[in-house]
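In what follows, chains carry the letters A, B, and so on, assigned in the order in which the sequence lines appear, proteins first and then strands, with residues in each chain numbered from 1. Worth saying up front: this structure is predicted, and the values here are computed from it rather than measured.
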2 protein chains.
Amino acid sequence: MKEGPDIAHVAALIGDPARANMLTALMSGKALTVSELAEEAGVTIQTASSHLSKLDGGGLLRPRKQGRHKYFSLANDDVAHVLEGLMGLAAGSGRLRKRTGPKDAALRQARVCYNHLAGDMGTQMFDSLIAQGHLSLDGDDLNLTRSGQAFVTELGIDLAELRKNKSPLCRECLDWSERRSHLAGSLGRAFLSRFEGLSWARRDQKTRVISFSANGTTEFERLFSVG
Amino acid sequence: MKEGPDIAHVAALIGDPARANMLTALMSGKALTVSELAEEAGVTIQTASSHLSKLDGGGLLRPRKQGRHKYFSLANDDVAHVLEGLMGLAAGSGRLRKRTGPKDAALRQARVCYNHLAGDMGTQMFDSLIAQGHLSLDGDDLNLTRSGQAFVTELGIDLAELRKNKSPLCRECLDWSERRSHLAGSLGRAFLSRFEGLSWARRDQKTRVISFSANGTTEFERLFSVG
DNA sequence: TTCATAGTTCGACCTTAATCGAAGCATTCG
DNA sequence: CGAATGCTTCGATTAAGGTCGAACTATGAA
């Protein structure tokens, strides 16, 4: 009857509260087990199992079996991107699930979005990389320039290793709180991982909040000042 | 219980087949009446009315009353953006509602996406504008450069008029068939409108397909060659 | 092997919401 | 003022699917 793909099915998958909670939890980038996701969603394990098989069937998840555990993560960046978009719409229509509190402020400043840095600091880093000419945007392709390659290598990131990964190196991801782009893709993940390795930042396991140390903040500002 | 906005509610709104059909129909950018949308969705007018009030309540639509008609259009570009993203996910998981046929090929080449040009020609135009330096991307802000201003004025687009509009001038929109960006925002709409004014292109009323005339194709290639 | 833990499948219950007929407003036209 | 058209509201029906208890499978540990 209509042209185009069947939106309704995918949207309905995300539209159930329990499943939405699971997907939101997976936005942290971590792979979680069925039991953990059941806990997150506030349902029993049977119910969670049923939901997860549906999400998987819809192509939204990537399952991995390890021993007697089964880990789920988001299928790819596209899924994370759509979820962020939906968060933006929900936030825009004044539908925040929680009052804006101190934790919320922390979330807006720096949080994990599918394993990369999001929030205010995420967009600041992205803008700075563009402004310094380390990233260039041609069409939808985000590319690391020669100066950018030097920059990340200087920071201690192994580019050759990253390129072995089949997923794209650079990618932009729209932030629901800032409504601006931040850096995703394997390089985005490498940045955050490096910040952790340098003890500049630390992830809170439950809330997606990223805390920067005093030193980390200084270094971050030095590298990614917008002035 | 969880941080972040309430995704589930918005997704559930899109997740109903009838509502998804209506939203898909509105992706053409046209404002449609309740009766027309009922027809599109294949439900009675009462049912459509109920759905539309829900979509409106969720902030997805912008209603306008005109005489005894009530017109609905998508609330803003963000909504269109999320819908395109969902189409991408659905298409990716092999969930096309329709076999790939001749009309489908036409859709991939050039179609209307919320009043601007999408499909292969849409992304080609976007890439060309970037490559020619008429558009520049700083962070998530897409800007028209000085040369770009000259370019569109030369084409016969009234920039001053566009700037009066409160919606953003330039904006990128992700294409579900191409998986690349094309130009949205009021300038994107102006381009398509100008193509129609010059009789280069013509919209099919029902299928979202845009047909370019022989002359229009030539002119388009001249302006937006990628070489 | 026996026990424990992780996950899946099955079946029954039950809430939610999509649907449409019928009646009620509102607006336009003659 | 009717009459017609476009849309909304109400109510009853019905279908879909989320939920969990219980039983079952699989992996790992003692």
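- Rounded to whole angstrom, the span from the NE2 atom of A/His51 across to the C1' atom of C/dT8 amounts to 15 Å.
- Between B/His69 and A/Ser50, the residue anchored closer to the 5' end of DNA chain D is B/His69, taking for each the nucleotide with the nearest heavy atom.
- No salt bridge links A/Lys70 with A/Asp56; every basic N to acidic carboxylate O contact stays at or beyond 4.0 Å.
- One can place CD1 of B/Ile45 at 15 Å from P of C/dT19, the figure rounded to the nearest angstrom.
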Derivation and outcome, side chain to side chain donor-acceptor pair (under 3.5 Å), residues B/Arg189 and B/His116 | CA-CA 5 Å; B/Arg189 293 191 276 274; B/His116 55 259; 5.2 Å; no
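- As judged by a 4.0 angstrom heavy-atom cut-off over every strand, A/Ala18 is placed among residues touching the sugar-phosphate backbone only.
- Rounded to whole Å, atom P of D/dC7 lies 19 Å from atom NZ of B/Lys54.
- Atom pair B/Gln66:CD and C/dT28:P shows a separation of 11 Å (rounding to whole Å applied).
- With distances taken from any side-chain atom of B/Val34 to the nucleotides C/dA4, D/dT8, D/dC20, the minimum falls on D/dT8.
- Taking 4.0 angstrom as the limit, A/Lys70 places a side-chain polar atom (N or O) nearer than this to OP1 or OP2 of C/dT8.
- Using a 4.0 Å heavy-atom criterion, one finds that A/Lys65 contacts no nucleic acid atom at all.
- Across D/dG21, C/dT19, D/dT9, the shortest atom-to-atom separation from the side chain of B/Ser49 is found for D/dT9.
- Taken from CD1 in A/Ile45 to CG in A/Leu52, the straight-line distance is 11.0 Å, to the nearest 0.5 Å.
- When the P atom of D/dG17 is taken as reference, atom CG of B/Asp16 falls 11 Å away, rounded to whole Å.
- To the nearest angstrom, C1' of C/dA17 lies 9 Å from CZ of B/Arg19.
- The shortest distance between the side-chain N/O atoms of B/Thr47 and the OP1/OP2 oxygens of C/dA18 is not below 4.0 Å.
- A/Thr33 comes within 4.0 angstrom of the backbone, heavy atoms only, and of no base.
- Nucleotide C/dA6 holds its P atom 10 Å from the OH atom of A/Tyr71, rounded to whole Å.
- When the P atom of D/dT19 is taken as reference, atom CG of A/Leu52 falls 12 Å away, rounded to whole Å.
- At a cut-off of 3.5 Å, with distance as the only test, a side-chain donor of A/Ser73 or A/Arg64 sits close to an acceptor on the other residue.
- The side chain of A/Thr44 contributes an N or O atom lying less than 4.0 Å from OP1 or OP2 of D/dC20.
- To the nearest 0.5 Å, atoms NE2 (B/His9) and NZ (B/Lys54) are separated by 9.5 Å.
- The side chain of B/Ser35 has D/dG6 as its nearest neighbour among C/dA6, D/dG6, C/dT8.
- Side-chain atoms of A/Arg68 lie closest to D/dA29 of the nucleotides D/dA29, D/dT8, D/dC20.
- Looking at A/Gln46, its side chain comes within 3.5 Å of the base of D/dG21 through a donor and an acceptor atom.
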